[in-house]
Amino acid sequence: SRGWGSITPEKPKVDKKLAEYKCDTNEAICLKLVRFPEDLEDDGTTFHPEYSHQLYGDDEVAFGYKGLQIQLYYSAGNLSTLFKVKYSSKVTEKFDCVEADDVEVKIRDIIPAGFSCSTDDFVSRLEKEANFRPFGNLLHTYKVHNEEAGELTYQICKVDMACPGFQEYHGRLQTFLMWFIETASFIDADDDRWDFFLVFEKYNKDGETLYATVGYMTVYNYYVYPDKTRPRVSQMLVLPPFQGEGHGAQLLEAVHRFYCTLPKVQDITAEDPSESYVKLRDFVLAKLCRALPSFAPDKLQLGFSEVMVKEAQDTLKINKKHARRVYEILRLKATDMADEAKARDYRLDVKRRLFGPYKKNQRELTKMMKCLRPEELVSHIRHIDTDVQHQELEKSYQEVLDEYRRIIERLASQA
């Protein structure tokens with residue numbers, strides 16, 4: 001026992017020393033979209049992932065390094081890639097009896113071949129950016145005022161995998177998904193039912209017009225019997241340096257308008273949409289629907305109608321569920337909520353929709369009453385307590401109201 005006792009006090013020191021070699025991978029990974037060589041040394045152009053668990057585990061930690069920096073730098077347009085790993089010190093198996101994580105192999109698994117590990121080589125590739133042009137067909141051009149740069153021009157293009165050079169470019173572009181979409185996965189690029197929509201910014205460099213990648217969307221065209229398709233938005237990402245400037249709304253609106261021109265499209269949906277995507281969709285669809293005659297303010301006060309459903313479906317490829325939500329947003333916009341009677345009518349109208357799941361629960365309870373034992377029935381009835389239902393319904397209504405008001409404010413700011 002004396003032999004063991006002489007070793008034990010050393011263990012906390014060892015643990016503490018090794019703890020210093022743990023790095024948060026979200027901080028260690030440094031991303032850049034490089035336009036000029038000087039951007040490489042400018043910390044102001046660096047941004048970091050929101051997520052890295054898909055590569056580095058749920059803890060998002062890399063072990064074995066101090067001052068770890070995983071540099072993934074992309075040229076702004078063509079996304080030519082520079083990949084380097086730096087650190088101030090690293091554990092060694094010989095002296096520390098532990099092995100450092102292989103942080104490089106995890107990155108190499110997701111970035112396509114052809115990347116550079118040399119800064120000089122990357123800078124020489126940067127000089128070729130002047131030859132880069134947006135892929136595909138131009139759908140829409142718009143301008144955004146920037147306080148520093150003035151008025152900037154953006155282009156939205158539609159492209160498919162048959163476009164020369166696009167498959168390689170997409171391989172580089174989709175690596176960003178791993179860092180900014182929590183459940184991201186790469187798509188099967190060989191399936192020709194994918195559509196791609198890209199956003200580019202035009203900018204000047206030494207008197208030349210160049211293009212920078214801003215964001216993109218992937219859409220899968222599902223077959224609907226007997227002769228229709230249902231485009232489903234799969235992935236959408238605006239790169240962090242461009243977020244908060246309205247590009248997501250511009251992209252989604254352009255995509256909707258494109259599919260509205262195709263007779264075979266039944267409606268447009270989204271695959272497992274995030275909360276932020278639903279808010280964006282609410283805004284874009286409300287903006288589009290307010291121009292439809294059936295969504296005029298006087299019609300909105302009469303309640304949700306089949307005429308609205310049909311016009312939204314036929315004109316804008318919006319399904320009934322989304323049309324109902326847009327109706328509620330635009331009706332709130334057209335309602336004087338200071339008028340008690342009008343406010344009450346609106347509240348009851350929305351709550352009737354929100355009450356749907358509760359009514360379903362009650363129908364299921366009625367069926368269960370025929371086959372449950374008394375003690376089981378008591379347990380289920382507790383879940384369907386009327387007072388609790390009313391409280392939950394009121395809470396849901398207030399949350400919906402807050403969401404709708406934010407959308408209405410945004411609509412008013414862009415009127």
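Throughout, numbering of the chain's residues begins at 1 and tracks the sequence.
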Do K333 and E328 sit within salt-bridge range, that is, some charged N less than 4.0 Å from a carboxylate O?
-> no
Assign the ring pair F176 / F47 to parallel, tilted or perpendicular, where the plane angle (0 to 90°) is split at 30° and 60°.
-> parallel
When you check the gap from the basic side-chain N to the acidic O, do E201 and R35 get nearer than 4.0 Å?
-> yes
Say whether S294 and E311, considering side chains only, have a donor N or O and an acceptor N or O under 3.5 Å apart.
-> yes
In plain terms, say whether K32 and D39 are close enough for a salt bridge, that is, a side-chain N and a carboxylate O under 4.0 Å apart.
-> no
Pair K320 + E306, salt bridge at N-O below 4.0 Å = yes
Side-chain donor-acceptor pair under 3.5 Å between D272 and Y277, yes or no?
-> no
Between E403 and K279, is there a side-chain N and carboxylate O pair less than 4.0 Å apart?
-> no
When you check the gap from the basic side-chain N to the acidic O, do E253 and R257 get nearer than 4.0 Å?
-> yes
Hey, what's the ring geometry for Y169 with F200, parallel, tilted or perpendicular (30° and 60° as the breaks)?
-> tilted
So, are R405 and E409 salt-bridged, with charged N and O less than 4.0 Å apart?
-> no
Within 6.0 Å of NZ in K351, more than 12 heavy atoms from elsewhere = yes
The side-chain hydrogen bond (donor to acceptor under 3.5 Å, both in side chains) partner of N78 among E168, E129, R172 is R172
So, are R324 and D349 salt-bridged, with charged N and O less than 4.0 Å apart?
-> yes
Return yes when atom CG of D402 has more than 12 non-hydrogen atoms of other residues, nucleotides or ligands closer than 6.0 Å, and no otherwise.
-> yes
Steps toward side-chain hydrogen bond (donor to acceptor under 3.5 Å, both in side chains) verdict (S88, K66) | CA-CA 6 Å; S88 54; K66 275 187 185 178; over 6 Å; no
Heavy-atom nearest pair, S116 first then D121, reads OG-OD2, 2.9 Å
Indicate the atoms forming the closest heavy-atom contact of D191 with Y220, along with that distance.
-> OD2-OH, 2.7 Å
Does NZ or CZ of R290 come closer than 6.0 Å to the centre of the six-membered ring of F295, within 45° of the ring's axis?
-> no
Step through the shown structure and confirm whether more than 12 heavy atoms of other residues, nucleotides or ligands are within 6.0 Å of CD on Q398.
-> yes
